[in-house]
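Notes follow the structure.
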Amino acid sequence: MSDYDVIIIGAGPAGMTASIYATRADMKVLMLDRLSPGGQIINTNYIQNYTGVGSINGAELAMKMFEHTQELNVPFDYKTVTSIEDNGTEKIVHCLEEDASYSCRAVIVATGTTPRCLNITGEEQFKANGISWCAICDGAQYRDKDVVVIGGGNSAVEESIFLAGIVKSLTIVTMFDLTADPMACDKLKEFKNVTIYPYQDILDFTGEEKLTGVHFKSTKTGEEKTVSCDGVFEYIGLTPVTGFVKDLGILNKFGYIEVNDRMASNQEGIYGAGDCVTKNLRQVITACSDGAIAAQEAAHYVQNL
Ligand SMILES: Cc1cc2nc3c(=O)[nH]c(=O)nc-3n(C[C@H](O)[C@H](O)[C@H](O)COP(=O)(O)OP(=O)(O)OC[C@H]3O[C@@H](n4cnc5c(N)ncnc54)[C@H](O)[C@@H]3O)c2cc1C
């Protein structure tokens, strides 16, 4: 007899939604997170595009989501999961703290991503307060202001096209030339308020109380420059938080969990949900949707065992 029917790893929007659906499907559920429930939205000033709630502070939305799980008495524990042992119809979830481990019939991995960072001076200080990793989310704050986008790949260029229509000036600073889709690059270059600095090393972010600029150096000529700005968006890639399941054979070459349209991985009883799975749009609403689908599928799987 397993300790739980379903263990949900990660209590972000995907995990919390999964816990609600799994509990309502009469499953014995445990939800684990290494941090406070909420995931990435805790560090976001405003969530702008979650249907029906308008603009809401990220921490407030996280609290509302967690309260919803607690109305259903979902057990939650602070644990860092280090591995999943897959013994067929029983899985063992191993945790760092006190060497705890729990058995269950199905697991939903909803551990999200972390934005890749530059790890340079000023980045930590201005994180979520001048430096953002999500233009769809935070772009509107910079209407008629000066913004720098760091990166030159598809995400950087696509998000820059969105930002260029809102902001006063947009400066792209990138390590190489733009590497995005040529059509997207052409579209971006049509904006009169866009300046591009290719082949640059970002040195540091400037400012005391408030972010004031980005300091960089040409890798071709060695010339240094500081561009003044009110906000910075970094698009130098995302890293899925999936290292602890790498031995299960469920990840693609970029480290994302490969799932089908029912959020099932290629291992029976192991599901993925939210930002850590292969998908095109990583937002709260899609994370919640994934969580709901994964929980329903996990419940069917457990009921059929
Ligand atoms: C700055 C910023 C602004 C954003 N703004 C918006 C917005 O306005 N609107 C919008 O829709 N989206 C926004 N997003 C995107 C949104 O935050 C994500 O799409 C959403 O949080 C994904 O939810 P998730 O549950 O999949 O993952 P996450 O929110 O990343 O949650 C994953 C959880 O798993 C936990 N975890 C990870 N590893 C382990 C482990 N080994 N053991 C236990 N727990 C673990 C983490 O602590 C975390 O709590 C924004 C993102 C950022 C970074």
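Start at 1 and go down the list; that is how both ligands and their atoms are numbered.
For the pairing with N87, the side chain to side chain donor-acceptor pair (under 3.5 Å) check across E90, E85, K91 returns one residue only, E85. Of the options V245, V93, V6, a side chain to side chain contact (heavy atoms under 4.5 Å, CB included) to V107 is made by V93 and by none of the others.
Counting only heavy atoms of the protein, atom 13 (C) of ligand 1 lies nearest to C137 SG, 3.2 Å. At the top of the distance list for atom 15 (C) of ligand 1, counting protein heavy atoms only, stands R282 O, 3.8 Å.
The distance between the ring centers of Y197 and Y199 does not fall below 6.0 angstrom.
For T111, heavy-atom contacts with ligand 1 shorter than 4.0 Å involve the backbone as well as the side chain. Looking at C134 against ligand 1, only its side chain comes within 4.0 Å, counting heavy atoms.
With hydrogens and angles disregarded, no donor-acceptor distance shorter than 3.5 Å links the side chain of E234 to the backbone of C117. Judged by distance alone, the side chain of N193 and the main-chain N or O of V167 form a donor-acceptor pair under 3.5 Å.
Heavy-atom proximity to G10, at under 4.0 Å, picks out these atoms of ligand 1: 33 (C), 34 (O), 35 (C). Near V241, with a cut-off below 4.0 Å to any heavy atom, the atoms of ligand 1 are 37 (C), 38 (N).
The closest heavy-atom contact to atom 28 (P) of ligand 1, among the options Q283, M16, M31, Q40, comes from Q40. When the heavy atoms of D275, I41, L96 are ranked by distance to atom 18 (C) of ligand 1, first place goes to D275. When V284, T82, V81, I8 are ranked by how near their heavy atoms come to atom 16 (C) of ligand 1, first place goes to V284. Of the candidates A11, A110, P37, A62, it is A110 that places a heavy atom closest to atom 32 (C) of ligand 1. In this comparison of T51, D290, T242, D33, the heavy atom closest to atom 47 (O) of ligand 1 sits on D33.
Under a 4.0 Å N-O distance rule, the pair K28/D3 does not qualify as a salt bridge.
Classified by interplanar angle (parallel below 30°, tilted 30° to 60°, perpendicular above 60°), the ring pair F76/Y78 is perpendicular.
A cation-pi contact links R282 to Y256, judged by a cut-off of 6.0 Å to the six-membered ring centre and 45° from its axis.
Taking a 4.0 Å cut-off on heavy atoms, P115 fails to register as neighbouring ligand 1. For the pair P13 and ligand 1, a heavy-atom separation below 4.0 Å is found.
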